[in-house]
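Worksheet: the structure to be examined is printed underneath.
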Amino acid sequence: MLQRVLHAFGLTANAADAVSFGSGLINRTWKLSDGHDAFILQQINDAIFKCPEDIAHNINVTASYLHQKFPHYLFVQPIKTTSGNDLFFDKEHGYFRLTPFVEKSHTIDVARKPEEAFEAASQFGIFTKLLAAFDPSALKETLPHFHDLSLRYKQFEEAVANGNALRRQQSVDLIDALFDSRYIVDVFESIKTNSQFRLRATHHDTKISNVLFDDNNKGLCVIDLDTLMPGYFISDAGDMLRTYLSPVSEEEADLSKIEIREEYFSAIMQGYLGALTTELSDEEKSHFVYAGKFMIYMQALRFLTDYLNDDVYYGSTYEGHNFVRARNQLTLLQQLSHKENRLQEMVTLFCKKSIATNVSG
Ligand code: GN1
Ligand code: MG
């Protein structure tokens, strides 16, 4: 199968040398080389992305905007097939996309130092800043309602009402705890009608492995634009907080290892809000901590919904996998809530200082 795909892109590389790459839950990714150059090949999961052409459209319009306005920004553009298509479609295996592998770049799976979190957060902030004048309605919604928390909550309620009976019984405590945090949805609903919040070109998947780093561990650019769509900044800020603050990932079953590392919070805040000082409104900035709660809560709802629905979306590698993930995210949410006041103070202080710096030039 891979050989056919490589041929379509005009590559002489040997399919047998393609190695699995990355750790995403949705798409499959390989790295390969044709002797000269290295490439990243991805099979787009079209059970989830119903219209992969929309992703290609979004990448193309963004590429041409950035190319025109910010030609020095490193934008990793996919390579077309020999027939000039953005994607190769194979009847049996679906859609494939090829991108050049950026030489002397690497990705990081988990933030091991606050400096790495800072670099990644700066890159996501810079990306948003560069696209500030770009009309987000030019972007197609590759996953309609992807970060619509109200909808995720509704889907959760439906799973609680109609999902796997045994699993529902076994999850009562977790279900109750998630119902108890419904106020997070209420805040989201108020954001949607608040004119101080803007819809922007939003990445929607800001885990640290979606940033390229150079050999000195400085951020180069962001990658993986599958979910680049109109959205609120809370999605991007929130998923960084969700995935960089704790020393362990959503996969960790030992809840005692989950914690909020303040030095990482500070790094994300400085990197992200620092890049967007003049772009985000005061009202938006004041919701920076909320952004973390928003994304962590949504992920807890999504994992538990999937558990109750027999793991149809995320899959599972062991019995109770999505339950464990949901419990992990609830714990992270509780830890963040414990520190909320202190973190909020850090944001207030940072915003005051950066405004002062801006005014004094
Ligand atoms: C999925 O495939 P990956 O890991 O980039 C999911 C994200 C979740 C994440 C949780 C399209 O992303 O929304 O936050 O898993 N992407 C989609 O690990 O559902
Ligand atoms: Mg992704």
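Order of listing sets the numbers, starting from 1, for every ligand and every atom in it.
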For this session: Would you indicate whether the side-chain heavy atoms of Lys218 and Phe213 approach each other to under 4.5 Å?
Result: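 No, every pair of side-chain atoms sits at 4.5 Å or beyond.
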
Exercise. Does ligand 1 have a heavy atom under 4.0 Å from the side chain of His204, from its backbone, from both, or from neither?
Worked result: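 Neither; nothing of His204 gets under 4.0 Å from ligand 1.
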
For this session: Would you kindly specify which portion of Gln329 sits under 4.0 Å from ligand 1, judged on non-hydrogen atoms: side chain, backbone, both or neither?
Result: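 Within the 4.0 Å criterion, Gln329 makes no contact with ligand 1.
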
Exercise. Is it true that Lys207 lies under 4.0 Å from ligand 1, counting heavy atoms only?
Worked result: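 Per 4.0 Å heavy-atom rule, Lys207 contacts ligand 1.
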
Exercise. Does ligand 1 have an atom that lies less than 4.0 angstrom from a heavy atom of Arg325?
Worked result: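 No.
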
Using ring centroids (six-membered ring only for Trp), state whether [Y] and [X] fall under 6.0 Å.
X	Y	result
Tyr65	Phe134	yes
His203	Phe124	yes
Phe101	Phe39	no
Phe294	Phe188	yes
Phe89	Phe96	no

Closer than 4.0 Å to some heavy atom of [X] - which atoms of ligand 1 meet that?
X	result
Glu250	10 (C), 18 (O)
Asp205	5 (O)
Leu143	11 (C)
Tyr313	11 (C), 17 (C), 19 (O)
Ile26	1 (C), 2 (O), 11 (C), 16 (N), 17 (C), 19 (O)
Tyr314	8 (C), 15 (O)
Arg242	10 (C), 14 (O)

Problem set entry | Qualifying residue for salt bridge (charged side-chain N to carboxylate O under 4.0 Å, His left out) with Glu251, from Arg327, Lys257, Arg325 |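 Answer after filtering Arg327, Lys257, Arg325: Arg325.
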
For this session: Return a yes/no value for Asp239: is any of its N or O atoms, backbone included, closer than 3.5 angstrom to an N or O of ligand 1?
Result: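 No.
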
Exercise. Between Thr227 and ligand 1, does any nitrogen or oxygen pair lie at a separation below 3.5 Å?
Worked result: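 For ligand 1, there is no N or O atom that lies under 3.5 Å from one belonging to Thr227.
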
Problem set entry | Face-on cation placement of Arg182 at Tyr153 ring, 6.0 Å and 45° thresholds |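 Checked: cation-pi criterion met.
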
For this session: Quick one: sort the Phe127 and Tyr73 rings into parallel, tilted or perpendicular, breaks at 30° and 60°.
Result: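 Tilted.
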
